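I have placed the structure first, in the form of structure tokens, so that the comments after it can refer back to it.
Bear in mind that the values here come from a model prediction, so they are computed numbers and not experimental data. Order of appearance sets the numbers: ligands from 1, and atoms from 1 within every ligand.
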Amino acid sequence: MGYHWAFLILLLSISCSASTLVDKSFKQCMLTRVVGSNSTSIERIVLNSSSSQYTQALDSLIQNPRWLNSSRKPFLIITPIHEPEILAAIACSSKLGLQIRVRSGGHDYEGLSYLANTPFVMLDLVNVHSIAINLTEETAWVQAGTTLGELYYRISQVSNVHGFPAGLCPGIGLGGHISGGGFGTMLRKYGIAADNVLDAHLIDKDGTVRDRKAMGEDLFWAIRGGSATSFGVILKWKIRLVKVPAIVTAFTIQRTLEEGATKLIHRWQQITDKLNPDLFIRVVAQNSGANSKTVTAIFNSFFLGGIDRLIPIVKASFPELGLQAKDCIEMSWIQSVLYFGGHSKEDPPEVLLQRTKSNSFFKGKSDFVKVPIPENGLEGIWKMLLSEDTLALMIMEPFGGRMNEIPEPAIPFPHRKGNLYNIQYMVIWEEKGIEVSNKHVKWMRMLYEYMTPYVSKSPRAAYLNYRDLDLGTNKLDNISYTEASVWGEKYFKGNFRRLAEIKTKSDPVNFFRSEQSIPLLR
Ligand SMILES: Cc1cc2nc3c(=O)[nH]c(=O)nc-3n(C[C@H](O)[C@H](O)[C@H](O)COP(=O)(O)OP(=O)(O)OC[C@H]3O[C@@H](n4cnc5c(N)ncnc54)[C@H](O)[C@@H]3O)c2cc1C
């Protein structure tokens, strides 16, 4: 029996003395591997459940407190600052047979970066967030623990005509975001974040770092939107910055059902993917919480240019919206980041550097729409939203433009030509308790069931970054390719098999595994 299996079995017996032994062995292993370390420096970054900083470290980035009191907590939390500590933490976990979960921004919808049903080490990259921008090359090297807010802020500090096409929420970590795709207001112009990655540093289970050249094109393909966490730990990404005008424009127009929201959304579906790629108009359809009387459609738009150019484009393609210059606000790109990130555009951009946690509970799901939903189908959705006694919403984000030009196999993220828009369903509640939680999750599953005739089929596609364990999960002790195909083909369509082939070659012992990791082919 191998050395690490002996430790794992000891740990699984959950006796206090066994975990103390593993804890000691882990720290000893770190001491040996991190040159210049001593027991104080290792104690500072290796936290067990009796460390005073353990709970603070675990809860500090929680976005969905559904699992706050879960028993699936990490055996150890490692909070490295320097690269050698990260490499050592991975190699020591592997040596001792401990599973590893990596957390960059902590936004995983199902908490997979900080929860597991098996003893595991959580590698927390919160302190690993340096950014090196090269404006001449129009590129940046960005460490995985960097948040989108920090990246956007740092870009804006050196240029008012550059940006990066990724998600809207400033607290999202680049480690998880690019690993699953990553899209926001500029996807119709520049594609998604993973389309704009030029190189990466990936760490394998032995703690070896490989760049694009050393890892090879297959592995480099897989980590861009194909669940990088199945292949290793991303230390940093090299990204391509994109050009933005000095002035961009945003607007938000709201219509209730009584004000004709249904017809307007119905019309929006016909034109949204065909609009000028500089223009992004999304719709958020939501109730107003308990006892809602109506659904409100919020048309929320970003435009790469000024009002003078925007108005004629919208008048020609979507006159029903009735957009006027007074509805529009011109701003810099970084102000648009604030506007879409839940701040006021007048807020100091430094607020983007803050990391936040959320006290609201949620369940999310996703779909892709290829054919406009008929008006009676939309009316059925509104009935569902009004039947829920807490905040429930659908965020519909347009595709088309650049997304139509990138072939499905270019990177693992396969949702390209033929998709009109993506739907993110969200139900959000404040009350604690398993019964309340089950009630809202059940409602969400009913809405998803209702949507079946209106969304993509064979497979019914889903977006990895809106992770949904209802789609299926691996049995961690015996991961089957056939069983995993059920959820894998929803996220990756025809790219799933290639991901499994690359996984089989690059991690044949399946060290990097989770409830939705890419399986080995067997
Ligand atoms: C409030 C909110 C708003 C969002 N808005 C958007 C949006 O606008 N657009 C969009 O596309 N998505 C959005 N998302 C989804 C988000 O992109 C994903 O949840 C993403 O995976 C989060 O990355 P993270 O690093 O913050 O999360 P984490 O929870 O840290 O990680 C997510 C997954 O990636 C793995 N991982 C993390 N770091 C690494 C690493 N360094 N190497 C390998 N694997 C790693 C984790 O183990 C986990 O499996 C949003 C999520 C939330 C909660």
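- Looking at N64 against ligand 1, nothing comes within 4.0 Å, counting heavy atoms.
- Residue contact check: G182 has heavy atoms under 4.0 Å from atoms 11 (O) of ligand 1.
- A side-chain donor-acceptor contact under 3.5 Å links E150 and T147.
- The shortest heavy-atom distance from H177 to ligand 1 is under 4.0 Å.
- For the ligand labelled ligand 1, residue G145 lies outside the 4.0 Å heavy-atom shell.
- Classification of the Y463-Y466 ring pair by plane angle, with boundaries at 30° and 60°, yields perpendicular.
- A salt bridge links E501 to R497: at least one charged side-chain nitrogen sits closer than 4.0 Å to a carboxylate oxygen.
- Protein heavy atom in closest approach to atom 26 (O) of ligand 1: G173 N, 2.8 Å.
- Atom 3 (C) of ligand 1 has C169 CB, 3.4 Å as its closest protein atom, hydrogens excluded (heavy atom only).
- The nearest protein atom to atom 48 (C) of ligand 1, hydrogens excluded, is given as D108 OD2, 3.6 Å; this is a heavy-atom distance.
- For atom 5 (N) of ligand 1, the nearest protein heavy atom (residue, atom name, distance) is I172 CD1, 3.4 Å.
- Taking the charged nitrogens against the carboxylate oxygens, R101 and E515 do have a contact shorter than 4.0 Å, which makes a salt bridge.
- No close placement of the F75 and F26 rings is indicated, their centers lying 6.0 Å or farther apart.
- For atom 29 (O) of ligand 1, the closest non-hydrogen atom of the protein is S113 OG, 2.6 Å.
- When heavy-atom distances to ligand 1 are checked against a 4.0 Å cut-off, Y463 comes that close only through its side chain, counted from C-beta outward.
- For the pairing with P412, the side chain to side chain contact (heavy atoms under 4.5 Å, CB included) check across I223, L499, L464, I518 returns one residue only, L499.
- No heavy atom of G184 sits closer than 4.0 Å to any atom of ligand 1.
- In terms of protein heavy-atom proximity, atom 21 (O) of ligand 1 is nearest to N465 OD1, 3.3 Å.
- For the ligand labelled ligand 1, residue G180 lies outside the 4.0 Å heavy-atom shell.
- Listed by number with element, the atoms of ligand 1 under 4.0 angstrom from any heavy atom of G167 are 7 (C), 8 (O), 9 (N).
- Residue-level proximity to ligand 1 for R467 is carried by the side chain, the only part with a heavy atom below 4.0 angstrom.
- Comment: R282 engages E397 in a salt bridge, judged by a side-chain N to carboxylate O separation of less than 4.0 angstrom.
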Step by step, work out the side-chain hydrogen bond (donor to acceptor under 3.5 Å, both in side chains) result for Q286 and T296. CA-CA 6 Å; Q286 63 178 61; T296 305; over 6 Å; no

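- Each of the atoms 30 (O) of ligand 1 lies under 4.0 Å from some heavy atom of R103.
- Remark: ligand 1 and G171 share no N or O pair separated by less than 3.5 Å (distance only, no angle test).
- Proximity to G232 (heavy-atom distance under 4.0 Å) selects the following atoms of ligand 1: 43 (C).
- Heavy-atom neighbours of E405 CD from other residues, nucleotides or ligands within 6.0 Å: above the threshold of 12.
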Counting only pairs under 3.5 Å, give me each side-chain donor-acceptor contact of residues 102-109, with atom names and distances, residues two or more places apart or in other chains.
residue: R103; atom: NH1; partner: L58; partner atom: O; Å: 2.9
residue: R103; atom: NH2; partner: A57; partner atom: O; Å: 2.7
residue: R103; atom: NH2; partner: D124; partner atom: OD2; Å: 3.0
residue: S104; atom: OG; partner: A144; partner atom: O; Å: 3.4
residue: H107; atom: ND1; partner: G105; partner atom: O; Å: 3.0
residue: D108; atom: OD1; partner: E110; partner atom: N; Å: 2.9
residue: D108; atom: OD1; partner: G111; partner atom: N; Å: 3.1
residue: D108; atom: OD1; partner: L112; partner atom: N; Å: 3.2
residue: D108; atom: OD1; partner: R467; partner atom: NE; Å: 3.3
residue: D108; atom: OD2; partner: R467; partner atom: NE; Å: 2.9
residue: D108; atom: OD2; partner: R467; partner atom: NH2; Å: 3.1
residue: Y109; atom: OH; partner: Q424; partner atom: OE1; Å: 2.2

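- If you number the atoms of ligand 1 from 1 as listed, the ones under 4.0 Å from a heavy atom of A144 come out as 41 (N).
- By the 4.0 Å heavy-atom criterion, Y466 is counted among the residues contacting ligand 1.
- For ligand 1 and L168, the ligand atoms under 4.0 Å from any heavy atom of the residue are 7 (C), 8 (O).
- Judged by a 6.0 Å distance limit and a 45° cone about the ring axis, R224 is positioned over the six-membered ring of F220.
- When only non-hydrogen protein atoms are considered, atom 46 (C) of ligand 1 lies nearest to V102 O, 3.0 Å.
- Taking the charged nitrogens against the carboxylate oxygens, D211 and K238 have no contact shorter than 4.0 Å, which rules out a salt bridge.
- Which parts of ligand 1 touch L125 is read off a 4.0 Å heavy-atom cut-off, strictly below it: atoms 41 (N).
- Scanning all protein heavy atoms for the shortest distance to atom 28 (P) of ligand 1 gives G106 N, 3.4 Å.
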